[in-house]
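First comes the structure, then the notes that go with it.
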Amino acid sequence: MVLKLRLVRLLNAKRISNVLSSFQPCYPFTSAAALASLQTSPDDGFQHKIKDFNFSTLFLSCTKIYLAKCLHALLLVSGNAQNIFFSTRLVNLYADVGDIASSSLTFERIRKKNIFAWNSMISSYVRNGCIQEALDCYYQLLTTSNVRPDFFTFPVVLKACNDLKHARKIHCWVLKLGFDPDVFVAASLIHKYSRLGLVGDAHILFDKMPVRDLGSWNAMISGFCQNGKAAEALDVFEEMNWKGMKMDSVTVSSVLPVCAPLNDLVMGMLIHMYVIKHGLDFDVFVSNALINMYAKLGCLGSASRIFDQMVVRDLVSWNSIISAHEQNNDIISALDLFAEMKLNGFKPDLLTLVSLASIVSQSGDCQISRALHGFIMRQGWLTEDSIIGNAIVDMYAKLGNIDSARKVFEGIPVKDVISWNTLITGYTQNGLASEAVEVYHMLEGCSGIAPDQGTLVSILPAYSHLGALQHGMRIHGRSIKTGLHVDVFVGTCLIDMYSKCGKLDDAMYLFLEMPQRSSVPWNAIISSHGIHGHGEKALMLFQKMQDKDVKPDHVTFVSLLSACSHAGLVEQGKWCFQLMQEHYGIIPSLKHYGCMVDLLGRAGQLDSAYEFIKSIPVKPDASIWGALLGACRIHGNVELGAFASNRLFEVDSENAGYYVLLSNIYANIGKWEVVDNVRSLAKSRGLKKTPGWSSVELNNKVHVFYTGNRSHPQIEEIYNELRVLLAKMKSLGYVPDFSFVLQDVEEDEKEHILMSHSERLAIAFGIINTPTKTPIRIFKNLRVCGDCHNATKLISKITERELIVRDSNRFHLIKDGNCSCGDYW
DNA sequence: CTAGGGTTAG
C-alpha cells in the first residue's frame, strides 16, 4: 500500500486515473491514508502537475466509495475542491457509489450553490431512495435560496413525490414558471398522473403535447401498467403502434408485466418475437421481464431458456428465475439456482428471501424455516418492510406453526391488508376457524384498514367451516356493496359457503350468475353437489363443463371422485379416474388415489380397495391407509382394519383420529381388551382424542356444545327437551343403536351417552330457542354417528323441522324423517 | 456539472 501511495506521488497526473482504477477492494483504508499522506507531505511538483489536470476523466473511473474519497482527496490537495463544477460532480459521484451522506456533506460545503448543484443534490437523494430528503431539499431551494428551479428540477422532484397533493403542487409551479410545453417536464407529469391512477389528467396533458417523443409514450404506458390499469395501458400501446411509433426496450419492459394479469400468452409471445427481431433481448430489463411473463403464465421452460441465453445477468434475473421455479412448484431446481446464484457472487436481497420463504413452506422443513427467519431478522429486513414479514407469517402458517406466525404478525411494524389476510388464511388453513373470525373482527374493528378481495376470500372459508350462515351472508352483502361479488374468487368462496351451510339452491343460483370461463367456479359447484350426496348431478355438471370447453384440472377430479364416493357411484368414479389420466393427461396425486380407495372401500369392495393400494406407483401416505381403515370400520372388517392401521402407524403415528377408528372397530365386536390396548397405546404416545363438539348459530352468535359437557346455562332445559324427544322417538319405533357406544358400560348408561352427543345438545338448544317449524343448522367437527343420524331423522318428523347437520365428512339434510343426502353410509 | 419513461414480491 505504501508503495502504491508513493507511486501516486511520483507518477504524473495523467497516470493517476489508471492507478486509481487498479486499486483493489482489499485496501479499504486507501482513501483516508491517501488523504493524510498527501496533506502532510505535500509535494510541490506533484501538486503543480495535477493542478491543470482534467479531472473529468477521473470521475468516470471511480466506481467505489473509497475511490470517490481518493478523488476527493486529490481535489482538496490540488486546490480544486472549491470549484463548483467539481463539487457538483462529487455530489453526484458520491450518490452513484451509494454514499449519500458524503454527497450531502459535499453539497453543504458549496458556498454559492447554483441550480446545477441543487438539481444534482435533489437527484442524488432520489437515486438513493431518500424521498423525504429530496423533497426537503427542494423546499429549501424554494424558500432559502435566491436560485429559481428550472426545467431540470421538476422531473426529478416529480419522481420523488408519491402522492397527489405534492404532484398537483409541482404542477402549479410548472405552470407558473411556464415550463409546461417542455417535453421532459410534461412527460414526467403524465407519468406521475397515470401512475396515481388519474387517467383523465394524464390524457389531457398527453393530448396537449406539441411534440411527443418515445419517452412520453413510455411514460404514459408505464404509469398505467404500474397502476394496474392494463386496459388503459394497452389502448395507449395500440395507438402508439398505429401512429408508427416504434417501441424500444423501455416500452417492452413496461408492457410485458400486464400480459400475465390479462392471461394473454399470445401477446407476450408476439412481444417476444418483436424483441428478437429488433435485438432488444440483450437488454437485461427486457430479458427479466420476459422471464417473469413466461413464469407467471406457466411456461417455465421458456423462462429458463431466456435465462440460460442471457449474457449479462443481474440480481433481478436471479430472483426472477428462482421465483419462476417456485411459482411452478419446482422447488428442487429453485434451491439449486439459489446455490448457483451465490456461487456467481450475488448476494440475496429481500425479494430473494420472499421466494425462499415460499420454497421453504412448500418443502415442509421446519428447521430451515427458523434459520431463514433468523437470517432475515439479522439483516434487519423485518422492520423495514411488511412484505417480508407477510412472507414469514405465510411460511409459518403453511408449516402449521401458527403460533410463530402470530408472533411475527404482531411484530410487523406497519401491517397492511395482506398481513391481515395472511394471518386469517393461516388460521383457516390450520382448522382454527374461530381464531380466523376473531382476527377478522380485529381487522374490521380497530385496524383502520379496509378489507379487500383477499380478505373476503380468506374469511369466507372460515365461516363455511363453522357453518355460520348468517355471518357468511353478511360478507355476501358486503361484497355486493363493494362490487367484489363479481370477482370469480369471491364468488367461488360464496358458492362454497352457501353449499356448506346447507343452501345448495343459493349456491347454484350464484354459480349461474357468475362468469364460468375458468375451472374454479365449476370445481366449487361440483364439490358442493358432492358433499350434498348428489353424485349424479355432479357428473351432469361435469358433462356441462366439458360441453362448454372449460378444461378440468386436478381439483375438478378430486371433487368428482369424492362426489362419486359419497353417492356410491363406483363405476362412474372409476370412469372419471381413467378419463382424467387418458383424456386430460393428469397424473393422479395422492389425493386422487385416496378418493379411489374411499370410493371402493365405502362401497364395501374392501379387497379391491386393498388391491388398488398395492397398484399405486408411489408410496401410500396416511390418508390412503386412513381411507381403507375408515372403510373397514364401516363394514366391520377387523382383520384388514388391523392390517391397515399397522401400515398407517408406520407412516403417521401421531394422528389420534386413527387410534379412535381402530378402537371403534374392536369396540363394535365387543373386544374391549383390545380397545383398552389401543387406547393406552395412543396415551403412551402422548396423543389426545379430539373432543367432539357441535355448534349452532343463534342471533349472530355461535354456540358450541361439547359431548357430555354440562356447562351451558340452559343445560337442564336441554336435557329435559331431549328426554321428552326420546320418549316420542321410542313411540315411533326408535331403538338406540348401541354399537356406536364405544365404552363397555350398562345399557342405561349407553342410552345416556348417546343422548349426550354434542349434536343432540345443539339440536335441542336450537329447538328451545327458535320459533317452531323453522330449520336448524348444526355443524359438527367430527363425524355424526349412525345413531344420531337416525335420531335426527325422527326428531325432524316430530318437530316438523328441517335439520341441516354438516359434519367433517358430509351433509345430513334431514326433513320429514328422511335424509335427502342418502342414508348413513 | 444537473433532467423524464423500464424488470422481481406477500
Side-chain angles (χ1 to χ4, degrees), chain A residues 55-56 59 83-93 95 110 114-124 126-127 149-159 179 182-192 194-195 212-223 225-226 247-257 280 283-293 295-296 314-324 326-327 349-358 361 385-395 397 412 416-423 425 454:
Chain A
F55 279 94
S56 295
F59 274 96
N83 182 318
I84 190 148
F85 284 122
F86 291 140
S87 4
T88 306
R89 286 201 80 166
L90 266 176
V91 168
N92 280 304
L93 177 65
I110 301 174
N114 60 13
I115 190 60
F116 291 99
W118 283 101
N119 288 345
S120 299
M121 191 65 245
I122 300 171
S123 154
S124 294
V126 174
R127 292 202 301 275
D150 65 359
F151 50 79
F152 280 99
T153 318
F154 294 109
V156 186
V157 179
L158 271 168
K159 204 173 172 184
F179 294 120
D182 183 84
V183 176
F184 269 22
V185 179
S188 303
L189 274 167
I190 287 168
H191 181 250
K192 196 47 69 177
S194 56
R195 189 169 184 162
R212 285 179 206 151
D213 65 348
L214 186 55
S216 336
W217 287 96
N218 288 343
M220 189 87 175
I221 293 171
S222 68
C225 291
Q226 287 163 2
M247 52 181 176
D248 68 351
S249 51
V250 177
T251 327
V252 168
S253 37
S254 330
V255 158
L256 274 173
L280 301 178
D283 188 295
V284 188
F285 280 74
V286 170
S287 292
N288 293 345
L290 279 170
I291 292 175
N292 284 300
M293 183 272 294
K296 287 208 190 103
D314 64 1
L315 186 58
V316 178
S317 322
W318 286 99
N319 284 347
S320 301
I321 197 69
I322 290 172
S323 101
E326 176 262 307
Q327 284 163 1
D349 72 346
L350 197 143
L351 292 175
T352 324
L353 270 293
V354 170
S355 290
L356 226 51
S358 174
S361 62
D385 204 316
S386 70
I387 289 170
I388 188 81
N390 298 343
I392 298 296
V393 172
D394 189 53
M395 174 186 76
I412 298 175
D416 57 13
V417 69
I418 296 177
S419 318
W420 290 90
N421 297 352
T422 311
L423 188 66
T425 310

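Convention: sequence-line order gives letters A, B, ...; per-chain numbering from 1.
Residue contacts for V252(A): at a heavy-atom cut-off of 4.0 Å it reaches no nucleic acid atom on any strand shown. Residue contacts shown for T352(A) are absent, as no nucleic acid heavy atom lies under 4.0 Å away. Across all strands shown, K192(A) has no heavy atoms under 4.0 Å from either base or sugar-phosphate atoms. Note on S222(A): only backbone sugar-phosphate atoms sit closer than 4.0 angstrom, heavy atoms only; bases stay farther off. Residue contacts shown for T251(A) are absent, as no nucleic acid heavy atom lies under 4.0 Å away. Residue T88(A) is classed as a base contact, given a heavy-atom separation below 4.0 Å to a base. Looking at heavy-atom distances under 4.0 Å, S355(A) makes no contact with the nucleic acid at all. Across all strands shown, V156(A) has heavy atoms under 4.0 Å from sugar-phosphate atoms exclusively, and none from any base. Within 4.0 Å of N292(A), counting heavy atoms only, lie sugar-phosphate atoms of the nucleic acid but no base atom. S254(A) comes within 4.0 angstrom of the backbone, heavy atoms only, and of no base. Contact annotation for D213(A): base contact, defined as any heavy-atom pair under 4.0 Å involving a base atom.
At a cut-off of 3.5 angstrom, counting only N and O atoms as typed in the model, there is no donor on one side facing an acceptor on the other between the side-chain of S358(A) and the base of dG10(B). Counting atom types as modelled, S253(A) pairs a side-chain N or O with a base atom of dG6(B) as donor and acceptor under 3.5 Å. On a pure distance criterion of 3.5 Å, no polar donor-acceptor pair joins the side chain of D248(A) and the base of dG6(B). Counting atom types as modelled, D283(A) pairs a side-chain N or O with a base atom of dG6(B) as donor and acceptor under 3.5 Å.
Rounding to whole angstrom units, CD1 of residue I221(A) and P of dG6(B) are separated by 11 Å. At whole-Å resolution of the value, CG in L315(A) and C1' in dA9(B) are 13 Å apart. Regarding I122(A), its CD1 atom lies at a distance of 11 Å from the C1' atom of dA3(B), rounded to whole Å. Between D349(A) atom CG and dT7(B) atom C1' there is a gap of 13 Å when expressed in whole angstrom units. Atom-to-atom, CD1 of I387(A) to C1' of dA9(B) comes out at 5 Å; the value is rounded to the nearest Å. Taking atom CG of L214(A) as the reference point, atom P of dG6(B) lies 13 Å away to the nearest angstrom. Atom CD in Q226(A) sits about 5 Å away from atom P in dT7(B), given to the nearest Å. Rounded to whole Å, atom P of dA3(B) lies 20 Å from atom CD1 of I190(A).
Considering only side-chain atoms of P155(A), the nucleotide from dG4(B), dT2(B), dG10(B) that sits closest is dG4(B). Residue N390(A) places its side chain closer to dG10(B) than to any other of dG10(B), dG4(B), dG6(B). In the set dG6(B), dA3(B), dG10(B), the nucleotide with an atom closest to the side chain of S123(A) is dA3(B). The F151(A) side chain lies nearest to dA3(B) when the options are dG6(B), dA3(B), dG10(B). Minimum atom distance to the side chain of F184(A) is reached by dA3(B), of the listed dA3(B), dT8(B), dT2(B). Here the nucleotide nearest the side chain of R127(A), chosen from dG10(B), dA3(B), dT7(B), is dA3(B). Proximity note for D394(A) (side chain, C-beta onward) versus dG10(B), dA3(B), dG6(B): the nearest is dG10(B). Proximity note for S216(A) (side chain, C-beta onward) versus dG4(B), dG6(B), dA3(B): the nearest is dG4(B).
F85(A) does not qualify as a stacking partner of the dC1(B) base, lacking a centre-to-centre distance under 5.5 Å together with planes within 30°. With its ring centre under 5.5 Å from that of the base six-membered ring and a plane angle below 30°, F285(A) counts as stacked on dG6(B).
Contacts of R127(A) classified as salt bridge (Lys or Arg N to Asp or Glu O under 4.0 Å), with partners at least two apart in sequence or in another chain: D96(A). Partners of F151(A) according to the ring pair (Phe, Tyr, Trp, His ring centres under 6.0 Å) rule, which considers only residues two or more places apart in sequence or in another chain, are F179(A).
Counted by atom type alone, S320(A) and N288(A) present zero donor-acceptor pairs between their side chains at under 3.5 Å.
We find the CG-CG distance between L158(A) and L189(A) to be 5.0 Å, quoted to the nearest 0.5 Å. For the atom pair I110(A) CD1 and N83(A) CG, the distance stands at 10.0 Å (nearest 0.5 Å).
The main-chain N or O of A397(A) is never found under 3.5 Å from a side-chain atom of D394(A) such that the two would form a donor-acceptor pair. In terms of modelled atom types and a separation under 3.5 Å, the side chain of S287(A) and the main chain of V284(A) share no donor-acceptor contact.
Considering only side-chain N and O atoms, K159(A) lies under 4.0 angstrom from the phosphate OP1 or OP2 of dG4(B).
Taking every heavy atom of both residues into account, A219(A) and S222(A) meet most closely at O-OG, 3.3 Å.
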